[in-house]
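Quick notes on the structure that follows.
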Amino acid sequence: MKKLILVLTLSVMAALNVAASTANYEVVPLPREINMQKGAPFMLTNLTTIAVAHDDADGQMMRNAEFLIQYVAEATGLKLRTTADKRHAGIVLDIDSKRVANAEGYTMTVSPKRITIAGGSPAGVFYAIQTLRKSLPVATAEEKVNAGHSVELPTVVIADEPRFGYRGMLLDCGRYFYPLSFVKRFIDLMAMHNMNTFHWHLSEDQGWRIEIKKYPRLTEIGSVRKETIIGHNSPIYDGRPHGGFYSQDEAREIVEYARQRCITVIPEIDMPGHMLSALASYPSLGCTGGPYEVSRRWGVFPDVICLGNEEVYTFCQDVLTEIMDVFPSAYIHIGGDEAPNVRWAACPKCQQLMQREQLTPKTVQGYFTNRIEQFVNSHGRRIIGWDEILDGKINNSATIQSWRGAETGQRAAEAGHDVIMSPTSHCYFDYQQTENTRNEPSLCGGLITVEKVYGFNPVAGLSESAVSHILGVQGNIWGEFIPYTNLVEYQALPRMGALAEVQWTNGMGKDFNTFLPRLTRLTTLYDLYHYNYARHLWK
């Protein structure tokens with residue numbers, strides 16, 4: 001009798017031309033626990049429905065369901081739909097903060113009849129959806145139009161949560177302006193990799209990229225350079241103006257787009273260095289009064305804002321007030337890196353300040369940082385600064401972003417600062433990703449392979465108390481030699497996959513050899529969405 005049922009089932013499947021492919025839960029980043037179960041698989045088909053089991057007053061859970069519908073359709077061609085019938089839905093999305101203590105954590109249970117996802121918050125549900133999405137095989141064009149196509153999901157219980165609460169990527173829009181549509185595409189890429197913080201670098205010597213209504217010349221003048229150097233500061237320029245900026249409404253659009261994908265946008269307005277675009281717009285902010293121009297070259301320049309001029313503090317506070325109005329993030333990044341002190345040492349106003357406050361050219365930046373931090377704190381926010389701000393006497397409440405090596409982050413953490421690790425040794429994705437650079441499109445030096453990114457341990461050598469101050473890890477894409485958006489993608493991928501695993505997955509027992517086949521499967525999604533990625537690992 002059993003044999004007869006099997007024959008009939010196979011006959012019916014053949015008649016309907018049903019094709020089934022199988023999901024694989026070993027994704028990037030790897031979930032903390034994957035416990036396979038016995039039993040028949042869950043069959044994902046065009047008849048599968050999704051129900052939201054938790055109160056959804058703000059609509060986040062229903063948005064999660066819509067993301068899942070979108071992702072499944074894009075990968076498989078299957079057209080799921082939502083239902084109010086929670087008892088008979090094939091997929092149930094829920095929040096269970098008692099069972100899942102970490103707000104970004106989740107459990108996912110696949111049984112023969114149902115997939116049940118429970119998150120510590122809507123964000124946890126979103127990351128479970130990312131795991132489910134990445135576990136699905138990408139269907140062929142023929143399979144997507146086949147009404148009988150389905151996907152087998154083996155029975156499993158997955159319990160997962162992130163290793164770090166801060167999982168970031170920086171996009172430098174100061175050197176080259178990237179269109180709003182690409183910023184959204186970059187955020188989508190971050191969501192695919194379970195990242196939750198978009199560090200948006202918005203001001204540079206080479207361009208001011210965000211509208212400040214009180215200071216319109218910042219975008220009228222500061223957003224455009226008349227030409228750009230070719231290569232590594234050669235004597236040749238391209239002769240073409242380059243410019244662009246984001247209006248405050250466009251920036252708010254990005255904030256909301258990211259928020260829907262559980263990503264916080266942290267803006268960076270670099271001060272007191274890297275301010276030539278501001279000085280070109282308002283020369284009175286500088287120690288010499290100019291003339292200044294928006295830089296056509298790359299590098300670190302001696303002209304910085306004048307720390308002995310009270311007008312500068314008014315300017316910075318006004319700019320940050322508008323920035324904080326646009327960006328609701330708990331943190332505001334004030335840069336603080338690569339600020340030479342030669343102008344301060346020679347400036348009469350700065351000399352008066354240093355004499356009054358008993359400062360030196362090397363410590364006067366700390367005075368500026370503390371004043372700006374007090375202002376930002378008075379608005380209920382906190383500052384992040386690059387690790388150079390450690391060179392002054394700053395408060396432990398300032399968060400340090402370590403870039404000049406992991407050692408600066410370790411020193412800051414041991415001193416009681418919260419720290420974001422993004423050292424040049426492992427996290428600068430504008431660096432080369434292969435030793436054979438002859439045919440590489442980026443002109444940036446340095447070498448950071450996928451394997452090196454994967455091997456980064458951000459808490460190595462730290463005391464237990466210092467480990468608690470490591471908020472997380474961030475990858476950076478600086479734009480000097482990346483004028484095109486497809487080159488941004490090429491430099492980011494597949495290294496973002498390796499970084500995602502550093503950020504999310506427990507560091508114990510990591511193995512690059514087992515990571516590589518999972519990364520290889522992830523490239524099917526890169527291909528699906530037409531992301532441009534480096535292929536050195538597969539040559």
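Values reported hereafter were calculated over all heavy atoms of this structure, with side chains retained and with hydrogens, waters and symmetry mates removed. Since the structure is predicted, the reported quantities are computational estimates derived from the model, not experimental observations.
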Lys/Arg cation over aromatic [Y]: [X], 6.0 Å, 45° cone:
X      : Y      : result
Arg185 : Tyr531 : yes
Arg167 : Tyr127 : yes
Arg371 : Phe375 : no

Hey, are [Y] and [X] close enough side-chain-wise for a donor-acceptor pair under 3.5 Å?
X      : Y      : value
Glu220 : Ser281 : no
Tyr331 : Thr197 : no
Trp504 : Asp160 : yes
Glu440 : Tyr490 : yes
Thr408 : Asp387 : yes
Trp403 : Glu388 : yes
Gln433 : His536 : no
Arg63  : Gln60  : no
Tyr237 : Arg297 : yes

Under-4.0 Å salt bridge between Arg252 and Asp325: yes
Electrostatic pair Glu256:Arg259 at N-O distance under 4.0 angstrom: yes
Heavy-atom closest pair, residues Ala398 and Glu373: N-OE2, 3.3 Å
Would you call the rings of [X] and [Y] parallel, tilted or perpendicular, where under 30° means parallel and over 60° means perpendicular?
X      : Y      : value
Trp478 : Trp386 : tilted
Phe186 : Phe198 : tilted
Phe481 : Trp298 : perpendicular
Tyr176 : His242 : perpendicular

Would you say [X] and [Y] make side-chain contact, with heavy atoms under 4.5 Å?
X      : Y      : answer
Leu218 : Tyr282 : yes
Ile266 : Tyr166 : yes
Tyr178 : Ile482 : yes
Ile384 : His199 : no

Taking distance alone, no hydrogens or angles, what donor-acceptor pairs closer than 3.5 Å link side-chain atoms of residues 454-462 to residues at least two apart or in another chain?
| from | atom 1 | to | atom 2 | distance (Å) |
| --- | --- | --- | --- | --- |
| Tyr454 | OH | Glu501 | OE2 | 3.2 |
| Asn457 | OD1 | Val459 | N | 3.2 |

More than 12 heavy atoms of other groups within 6.0 Å of Phe512 CZ: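 More than 12 within 6.0 Å, yes.
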CZ (Arg240) with more than 12 external heavy atoms under 6.0 Å: no
Arg163: salt bridge (Lys or Arg N to Asp or Glu O under 4.0 Å) partners, not counting sequence neighbours: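 Counting only residues at least two positions away or on another chain, Arg163 forms no salt bridge (Lys or Arg N to Asp or Glu O under 4.0 Å).
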